[in-house]
Amino acid sequence: MTDKKRRTAAQKQRAQARRERAARNAPRAAEAQDRRPPARPAPRRRPRRSSRSWGTGAIVAVVAVVGVMVLLFLTRSESGPGAKGSSAAVREALNVPAATLEAVGDRSDIRPPAALPAGTPSVEVAGKPAVVYVGAEYCPFCAAERWPVVVALSRFGTFSDLGTTTSAPPPETLPNTPTFTFHGASYTSDVIALSAAETETRDFKPLDALTAEQQRLVSTYNVQAVTGSDGGIPFVMIGNRYAWTGATYDPSVLEGLSFDQIAGRLSDPKSAVAQQIDGAANEITAMICALTGGRPNDVCSAPFIAQAQSALPTS
Amino acid sequence: MALPRWVVPVTLGSSIGGLAVSIYLTIAHFTSPEIIACSSSGTINCEQVTTSAQSTFVGVPVALLGLVFFAVMIVLDLPAMWRSERRGIHLARLAAAVAGIGFALWLVYAELFIIRAICLWCTVAHVLAFVLFAAIAMTVPDVLGDQAPADEFGRAGRS
């Protein structure tokens with residue numbers, strides 16, 4: 001125990017001596033510290049984070065925009081043919097201003113129909129002279145021709161449940177042409193009736209079966225001697241006065257356009273779409289006026305309709 | 001100015017690839033769209049896209065615009081141009097890349113929602129325009145910062 005106490009006392013003395021030495025040397029250490037070269041400043045860096053974030057943000061934005069577009073495209077494709085017209089566009093097509101139709105007027109580049117022979121029995125539905133349409137949803141020329149037929153018929157009556165679709169995808173000519181479909185639609189008018197049938201869907205599946213009367217009209221009038229075609233579609237008859245097959249205007253004006261774009265252009269008389277579709281609609285309107293005896297007066301008395309009527313073939 | 005090593009080969013390679021595709025599409029535009037090796041049915045349909053109303057912009061074929069774009073980008077992406085200390089060159093490259101991706105986005109929209117068909121070769125050009133844009137966007141702080149990166153001794157240079 002005595003030895004231990006002695007060693008502890010010696011350790012305390014050595015520690016005290018170290019502290020005293022350190023205290024004596026402190027000013028010299030401080031001087032030495034002052035003599036050292038200054039420490040290098042930390043490397044300065046430009047504030048890059050915001051710029052780098054800008055680049056990343058721009059890339060993410062582009063990817064997001066493309067992603068949203070692809071998502072919308074896929075969603076649309078799953079819900080239908082991919083070019084369903086909006087209800088606003090359908091309303092536009094059903095309400096082309098009379099001023100636009102007048103500005104387009106009677107055009108010489110619209111293909112005239114065939115005049116049915118004198119003595120052709122009247123074609124009626126429920127006591128009204130009928131417009132007969134036989135086509136198919138896959139058919140691109142039907143797709144084109146429905147536009148002027150709808151524009152013209154909307155001047156004489158009212159459609160309900162008028163749907164939209166597109167013609168068949170490639171390799172069909174003029175693939176995916178946006179249009180209406182008469183399948184499931186109904187039409188009411190004081191002066192005329194519509195007898196329409198879409199025989200196949202856009203993917204060539206059976207749709208509307210022709211009524212016996214429609215079948216009879218096709219067999220009798222959709223022949224080489226009358227329309228220049230043997231059973232071609234679309235086949236359109238304006239009562240017992242006129243008939244034709246195919247499109248009456250150049251359907252290539254619809255290429256690359258959506259349903260809504262076509263509908264939107266119908267009211268612009270300077271657009272090629274309006275000139276062709278509205279021009280053909282004016283010709284059909286003139287034919288229907290010839291069928292109804294000029295009724296209704298507000299439609300049939302327009303000078304441009306009278307002019308179009310004068311250009312129609314006679315039997 | 002220290003650029004990542006991948007920048008020059010990626011941008012120059014994308015530009016050269018884009019130019020090749022654009023030349024192909026331009027030839028098809030001025031000769032026959034049927035020469036394009038691509039499906040012509042269904043959603044993938046190069047012919048429908050390259051003959052659509054959207055295949056021209058203010059009367060100029062879009063394929064030709066792509067050709068000019070990628071040709072300009074080749075020049076701007078040459079190693080000497082990347083090394084250049086002229087700020088205007090880097091700004092021009094960035095502006096061209098932004099214009100290129102902007103136009104590509106419009107064309108993608110047109111394909112999906114107006115034409116409703118997709119042209120594979122056009123998509124290749126769009127992807128290359130995106131790669132160019134992404135690579136150039138990532139170099140903005142390196143080539144268009146207020147000053148060049150400071151070195152380890154804090155000596156800032158001019159970019």
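Treat the numbers as computed from the prediction; the structure is a model and nothing was measured. Because only heavy atoms are used, hydrogens play no part in the values below, and waters and symmetry mates are left out as well, while side chains stay in.
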Candidate pair A/Phe73 and B/Glu111, rule side chain to side chain contact (heavy atoms under 4.5 Å, CB included), full reasoning | CA-CA 10 Å; A/Phe73 175 73; B/Glu111 284 184 80; over 6 Å; no
A/Leu72 CG to B/Tyr109 OH distance, which is reported to the nearest 0.5 Å | 10.0 Å
Taking atom CD1 of A/Ile59 and atom CD1 of B/Ile101, what is their separation to the nearest 0.5 Å?
->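 One gets 10.0 Å once the value is rounded to the nearest 0.5 Å.
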Could you pull out the closest heavy-atom pair between A/Ser258 and B/Phe113, with the gap in Å?
->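 Scanning both residues completely, I find the closest heavy atoms to be CB-O, 4.3 Å.
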Quick one: which of B/Val108, B/Val98, B/Leu105, B/Ile136 has the most heavy-atom pairs under 4.5 Å with chain A, could you say?
-> B/Leu105
Considering residues, nucleotides and ligands other than A/Phe204, do more than 12 of their heavy atoms fall under 6.0 Å from its CZ?
-> yes
